[in-house]
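In what follows, a structure is listed as structure tokens, so that the remarks can point back to it.
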Amino acid sequence: MIVRIDSLTFRYPNGTTALDEVSFSVSAGERVAIVGPNGAGKSTLARHLVGIERPASGTIEIAGRRTDGLGIAELARTVGFVFQNPDDQLHAASVTKEVEFGPRNLRFPPARRKELVESALRRTGLAQSRDAHPHHLSLGERKRVALASVLAMDTPVVVLDEPTTGQDHASVVLLGKLVDDLGADGRTVLAITHDMDFCAEHFDRVIVLEDGGISWDGPVDAWLAQAADTAGQAFELPQMTRLGRRLGWEGSVSTVTGFLEHLAPGADPAPAVSTAP
Amino acid sequence: MIEVKGFSFTYPTGSRPALHDIGFEVGPHELCAVVGGSGAGKSTLAGVVSGTVPHLTGGCAEGLVQVNGRDLADTPLSGLVGQVGLVMQNPFNQISGARFSVREEIAFGLENMGVPRDEMAARVDTVLHDLGLTKVRDRSPYELSGGQQQLLAIGSVLVMRPTVMVLDEPTSQLDAAGSALVFEALGTLREQGVTTLLIEHRMERLARAADHVLVLDGGTIVAKGSPGEVLADERLEEWGVAPLRYTVAARRAAARGLWPDARPLPVTLDAAAEGFGATVAHLDRGDR
Amino acid sequence: MSTVQFSPHTTGNSLVHRLSPLTKLTFAVTVTVCAFAVVDYRWPLLLFCALLLPAAIGAKVLRRFLLMLATFWVPVAAVLFVVQGFFFPEAHDVIARFGPLELKSEGVSYALLTALHILVLMGGFFLLLLTTHAATLMSALSERNVSPSLIYIVSAALQIVPTLSRRATRILHAQQARGQVIHGLRGRARALVPLVGPLILGAFTDVGERAAAMETRGFGATRRPTSLITVPDSAVQRSARAAMMLCAVVAVTVNVWGVMR
């Protein structure tokens, strides 16, 4: 288990409980989406993984080590955290320098550093903008710079906080591919998201947080299959799931490909990624 | 009423126009949605219609922009207060910083307009209720979550009852419940005769709420029409806009003869369910 | 989520809390002016003990009141005693010697009087701050035709510190999460650019957007903005303020006459 959280409880300074006895484990290479309504404690939970918040009680183990005694900078070797607002971190004069900041802090040798930076720029579609000043880029591009700067740290665990917010279609497609690739590389991805279509198309497992506790933890399709229609008020279920229900289908479909397969098995060999003919 | 004709705009530091030869109209009781990829000029267009571009940004503008019959080139921003409301992309920057509670923050615009206290209190409380902010009314605006700040930013504009509303991705940080409240409020405004220009990426809600959709790409309008026409266009992805999953499913099904022939591609759940319902019935009869 | 306690205001429903901020402001000014009227250290001490302390007790803010005085007044008083006690010009009456330094009684008396004047001044204003929400004070001022821009600047300044400090904390976390170590002097120095850079760049973009938002929300559109908050006031309080202002005038007169003699 790369991440093991046991009875994690956290309270805000004003005394309200943000997380109540939360426990779960994640194994290497898993792609886990953390979903839930605004204010359910998703960000607070994620912030514990990098040591920004410390639990009132309970334990967190990352890659076999308890995080109690570890500082944020030490945990950064194992957990890369992509914050929601890129403007809280961009400071360098060029995209390349910005992306190099993490690997440099982690004292990677120059050759490895260069390789990691190049790969991160390529994966985030920023190779063309490598010399641009980050603050001259659009919000969507700045978010991708922040993402690249974390990928370049080559951490076994990557945590994404609302990665699709403020991103255009092309970036969301790119992000989806990136999540798939990271999983294929054996890296663990945890993402906080309220984009249920994104969740259904790119994650194997979903953890649903409600009022500071886990109300579901398991495969995405199994959750969707049992999620009540009323859950749609809080979660906006994937479009294809709702369409399947309208057609009275048993079980659950959540993606276009899954839907077409259910409609007429074997009829649709086209890839799920693009609508181009 | 918004009327834009032959409008082009270049930022002071820009090498090419951010908007080029834009033309469209939105009437009262109408909601016009603007979609497009990153850097297509959507936020600039929001600024143009609300008068902040080029009045506050500088830059070179050509062509006509009229709001409620007034030419914005000769109207100072103060002349638009109470007529045009702008909800910006980043709610944090819309908070005045000069009010100490959510309730006072919402009242800020009304105070500036000199609205009497009793009327102001009633209007503020209505907006707090409509946007689900009553619980946090006494909190500092800076202590709210991103989603709550976004609702606050919308509320602080709604309360001024503008006749033209311009909203730049107002639901980006909201969950399903929060965005439902916003779209409900927008629906009410439309019934009251407000003209709305909405930049939005939630295609599903937009398809139901919008009267027209404009697609911006590289600063020009590449498509405009009803949601049914525009959102089912197969070039949507090339323009940097996410197609609805039902539309994609129907297009792929159509290529395999699994979508009813004469039926247009669906852009709402209802239309998709009807179309695929017909396909299922057809398949069940086994005469494929 | 870390919240920064900046506003000293305490919630409460005592008589002092319920007074109009203008009454409390007038009181703070009057009591300060009066403290200077009589050149005797017992006079400001009497004012403090007979008026300010009971008010702080009545408002149930005594602990925070004393804490604020300990933080702000004690250091000032200490400096005054050292500087005036040892270096008061033309003083002869030596009380004690510390090596080459001579503590003189004229200096100590002067320091005592000045420190007590400052005690009354600080006490009056701390009482106002502790029992008045900034919003109420701002509304009260705007009703008295104080310029909206001035009120805006003061209110924004009151909030900018906690806002900036929250943002700085977020930036600090973000950079540490990218492996930046902030231990020791060198670490801190190196952390400066990645910390301050986003803070300043962010502030610049914010200013432009916020200006646009303020314009569209009609800031400065009318000369007489209204205010959502009701500021409590009464005929009694208005008369009390008039009486206090009269006291202040008398005190100034007494002082001028006293000094002249």
Side-chain angles (χ1 to χ4, degrees), chain A residues 35-40 43 84-85 87 136-141 143-144 162 164-173 194 196-197 200-201 231-249 254-257 259-260 263-264 267-270 272 274-277, chain B residues 13 35-40 42-43 89-90 92 143 145-148 150-151 169 172-180 201-205 234 236-253 255-259 266 269-270 272-274 276-277 279-280 283 288:
Chain A
V35 306
N38 282 0
S43 285
Q84 211 176 334
N85 183 359
D87 297 339
H136 291 163
L137 302 175
S138 70
L139 175 67
E141 290 169 313
K143 276 196 87 143
R144 280 192 272 142
E162 297 288 5
T164 58
T165 300
Q167 294 281 36
D168 67 359
H169 178 57
S171 302
V172 174
V173 171
H194 56 226
M196 291 302 149
D197 286 301
E201 284 157 13
Q233 284 165 11
F235 294 110
E236 201 142 291
L237 299 178
Q239 293 171 20
M240 301 321 288
T241 305
R242 280 178 284 132
L243 180 57
R245 286 188 181 192
R246 286 286 289 273
L247 295 172
W249 292 357
S254 59
T255 62
V256 171
T257 306
F259 176 87
L260 292 174
L263 182 72
D268 184 62
S274 176
T275 53
Chain B
T13 53
V35 299
S38 183
K42 303 187 300 284
S43 292
Q89 208 171 3
N90 183 353
F92 178 81
E143 282 168 12
S145 69
Q148 289 169 328
Q150 201 152 34
L151 290 170
E169 303 210 6
S172 61
Q173 297 182 47
L174 294 175
D175 58 10
S179 51
H201 61 274
R202 285 180 193 255
M203 293 301 149
E204 212 181 355
R205 289 201 181 271
E234 59 185 350
L236 206 58
E237 273 192 292
E238 288 167 36
W239 296 327
V241 181
L244 285 153
R245 265 70 170 181
Y246 337 122
T247 318
V248 175
R251 182 173 294 123
R252 272 163 55 179
R256 311 275 176 276
L258 294 169
W259 179 256
L269 185 60
D270 289 339
E274 257 178 56
F276 280 113
T279 305
V280 169
L283 292 176
R288 215 168 118 193

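Values below: all heavy atoms of this structure, side chains included; hydrogens, waters and symmetry mates excluded. Here the structure is a predicted model, which means the values were calculated and not measured.
Interatomic distance, A:Gln167 CD to A:Glu162 CD, rounded to the nearest 0.5 Å: 11.5 Å. B:Gln173 CD to B:Asn90 CG: the interatomic distance, rounded to the nearest 0.5 Å, is 7.5 Å. Rounded to the nearest 0.5 angstrom, B:Tyr246 OH and A:Phe259 CZ are separated by 11.0 Å.
Using a distance-only test at 3.5 Å, with no hydrogens or angles considered, a donor-acceptor pair links the side chain of A:Arg242 to the main chain of A:Leu237. The main-chain N or O of B:Gly37 is never found under 3.5 Å from a side-chain atom of A:Asp168 such that the two would form a donor-acceptor pair. When atom types are taken as modelled, the side chain of B:Gln150 and the backbone of B:Glu169 share a donor-acceptor pair closer than 3.5 angstrom.
For chain A, the nearby parts of B:Ser172 are the backbone and the side chain; heavy atoms of each come within less than 4.5 Å. Interface remark: A:His194 contributes side-chain atoms only to the contact with chain B (heavy atom separation under 4.5 Å). The parts of A:Leu243 that come within reach of chain B are both its backbone and its side chain, each placing non-hydrogen atoms under 4.5 angstrom from that chain. Of the two parts of B:Ala180, neither the backbone nor the side chain holds a non-hydrogen atom closer than 4.5 Å to a non-hydrogen atom of chain A. With a threshold of 4.5 angstrom between heavy atoms, B:Leu236 does not approach chain A through any atom at all. Contact of A:Gln239 with chain B is made through backbone and side chain together, with heavy-atom distances under 4.5 Å. Neither the backbone nor the side chain of B:Ala255 comes within contact range of chain A; no heavy atoms are under 4.5 Å apart. Looking at B:Asp270, the atoms closer than 4.5 Å to chain A (heavy atoms on both sides) sit in the backbone and in the side chain alike.
Chosen from B:Leu244, B:Thr13, B:Thr279, the residue pairing most often with chain A at heavy-atom distances under 4.5 Å is B:Leu244. Between chain B and the options A:Gln84, A:Met196, A:Glu201, heavy-atom pairs under 4.5 Å are most frequent for A:Glu201. In terms of heavy-atom pairs under 4.5 Å with chain B, the best-connected choice from A:Asp197, A:Thr165, A:Thr164 is A:Asp197.
Between the side chains of B:Ser38 and A:Glu141, not a single donor N or O lies within less than 3.5 Å of an accepting N or O.
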**Report entry** From CA spacing to verdict: side-chain contact (heavy atoms from CB on, under 4.5 Å), A:Asn85, B:Phe92
**Finding:** CA-CA 12 Å; A:Asn85 183 359; B:Phe92 178 81; over 6 Å; no
